[in-house]
Novice: 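After the structure tokens below, expect a handful of questions from me.
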Amino acid sequence: MEIKTIKRIAVLTSGGDAPGMNAAIRATVRAGFFYNLEMYGIYRGYEGMIQNDIKKLESKHISHILERGGTILKSARSQEFRTAEGRKQAFENLQKHQIDGLVVIGGDGSLTGAHLFYKEYGIPAIGIPGTIDNDLAGTDLTVGFDTACNTAIEAIDKIRDTATSHDRLFFVEVMGRDAGFIAINAGIGSAAAATLIPEKKMPIERLVERLKARTKAMKQSNIVIVAEGGKSGGAAEIADKIKKQLPYYDIKVTILGHLQRGGAPSSLDRVLASKLGVAAVEGLLNGKYDVMAGVINNKVVYTPIAKAIVGHKEVDEYDFHVVKILST
Ligand code: F6P
């Protein structure tokens, strides 16, 4: 593949925000400055690319952002970028600013956009996995996942205090759209009575049996983690079903929701985001286009975006095994 000379790189964040996105922006921009490039920020993801909301970035724009949650570039889920006209408009705007390289920080939808855009317009693009869901192949972890798990576990610890005081059964719903990664980690990390994830169906009868067994074993509190979008329904739906079969339980439901998307990034997310920001810029300079920079076994790797977004990263069977053993 021909290596193009790159002088101006634009960076954007797209899709659901994730803690560590700012650290990734900072690392990308700093790496660009290190290699004497001009760096641009595209605001509100692809939406801003279409609306020409593109600004040159200087050092002052990215100072003291590494430790901040959210994204200074803002984010959006652009419907217009899904249309050929939207992408054409976006490309014309990039040309106006003479942008010859693109760093896209986001999840599978955002990287799909980058892949399509590269195929249509040939503008060198590279992805950084930024999503709390951790559902991309080509990286052990996505930026934001670790912080989201920490947030979820901290919240569940607090719920356990009140659950124990009142002898209550709690159903706690965590994020993860179609992926059970946050749920599995939260389940292991908070000693949940059961963990329900989209990837594996757990019949209600089995959950009932599990809860009955725990009552017999005089367990002090019961917390069931439910991943949103689970096959048996969300936390409220499952709680209703359980209430019908175990009416003597005092049941409460907590949906952690967007709480998991905010907050200062953990050290792990800061380091991961920083490595990937540098890797993204160096990748572009070395002719690695239409790929996602990720970390596997602590080494930076570049995976074709088409592979990173294909299907779904599988939940580790061993993790699931650990959940089963520890929640009986
Ligand atoms: O993809 C990240 C994520 O937080 C999912 O876990 C969740 O289902 C979704 O985004 C929520 O999206 P929104 O903020 O647009 O409601």
Side-chain angles (χ1 to χ4, degrees), residues 12-24 43-48 69-71 73-82 104-115 127-139 141-156 171-187 189 195-200 225-238 253-266 269 272-273 276 292 294 305 308-315:
L12 65 88
T13 47
S14 159
D17 63 347
M21 277 186 163
N22 278 329
Y43 290 79
R44 293 173 295 109
Y46 294 116
E47 203 60 27
T71 158
L73 293 177
K74 298 187 177 286
S75 194
R77 299 189 195 275
S78 175
Q79 290 308 321
E80 221 183 326
F81 196 74
R82 291 172 190 263
V104 173
I105 306 168
D108 54 355
S110 311
L111 298 191
T112 304
H115 175 59
I128 293 180
T131 164
I132 64 166
D133 293 352
N134 200 33
D135 57 349
L136 287 162
T139 190
L141 294 170
T142 56
V143 172
F145 172 66
D146 181 62
T147 309
C149 289
N150 290 339
T151 303
I153 287 172
E154 201 185 321
I156 297 162
F171 287 83
V172 181
E173 185 173 301
V174 297
M175 268 188 170
R177 202 151 33 197
D178 315 311
F181 294 96
I182 298 178
I184 287 273
N185 272 24
T195 303
L196 278 61
I197 58 170
E199 294 87 342
K200 305 244 182 210
I225 308 292
V226 183
E228 61 169 344
K231 288 198 172 63
S232 321
E237 212 178 317
I238 293 170
V253 175
T254 302
I255 295 172
L256 296 185
H258 288 81
L259 184 88
Q260 297 155 96
R261 289 244 295 261
S266 65
D269 274 328
L272 176 67
L276 296 182
M292 181 194 83
I305 290 182
I309 57 177
V310 148
H312 218 269
K313 184 160 91 174
E314 295 294 317
V315 164

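Every number for a ligand or one of its atoms is a count from 1 in the order of the listing. Just the heavy atoms: all of them, side chains too, but no hydrogens, waters or symmetry mates, feed the values below. Here, residue 1 is the first one in the sequence, and each next residue gets the next number.
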Novice: Against ligand 1, does Gly176 come closer than 4.0 Å with any heavy atom?
Specialist: yes
Novice: Between the side chain of Lys313 and the main-chain N/O of Thr139, is any donor-acceptor distance below 3.5 Å?
Specialist: yes
Novice: Take Val253 and Glu173 through the side-chain contact (heavy atoms from CB on, under 4.5 Å) test and state the conclusion after the steps.
Specialist: CA-CA 8 Å; Val253 175; Glu173 185 173 301; 5.9 Å; no
Novice: Using a strict 4.0 Å cut-off to heavy atoms of His258, name the atoms of ligand 1 that fall inside it.
Specialist: 13 (P), 14 (O), 16 (O)
Novice: Closest by any non-hydrogen atom to atom 6 (O) of ligand 1: pick that one out of Asp133, Thr131, Asp108.
Specialist: Asp133
Novice: Provide, to 0.1 Å, the distance between atom 11 (C) of ligand 1 and the closest protein heavy atom, together with that atom's residue and name.
Specialist: Arg261 NH1, 3.5 Å
Novice: If we count only N and O atoms by modelled type, under 3.5 Å, do the side chains of Thr147 and Asp269 hold a donor and an acceptor together?
Specialist: yes
Novice: Which of these, His258, Lys74, Arg261, sits in a side chain to side chain donor-acceptor pair (under 3.5 Å) with Asp17?
Specialist: Arg261
Novice: Heavy-atom contacts with Glu228 under 4.0 Å: which atoms of ligand 1 show up? List them by number with element.
Specialist: 5 (C), 6 (O), 7 (C), 8 (O)
Novice: Considering only protein heavy atoms, which is closest to atom 15 (O) of ligand 1, and at what distance to one decimal place?
Specialist: Arg77 NE, 3.0 Å
Novice: Keeping the roles fixed (side chain from Thr142, backbone from Gly130), state whether a donor-acceptor pair exists under 3.5 Å.
Specialist: no
Novice: Residues two or more places apart in sequence or in another chain: which of them pass ring-ring contact (aromatic ring centres under 6.0 Å, His included) with Phe81?
Specialist: Tyr46, Phe117
Novice: Can you tell me if Gln260 has a non-hydrogen atom under 4.0 Å from ligand 1?
Specialist: no
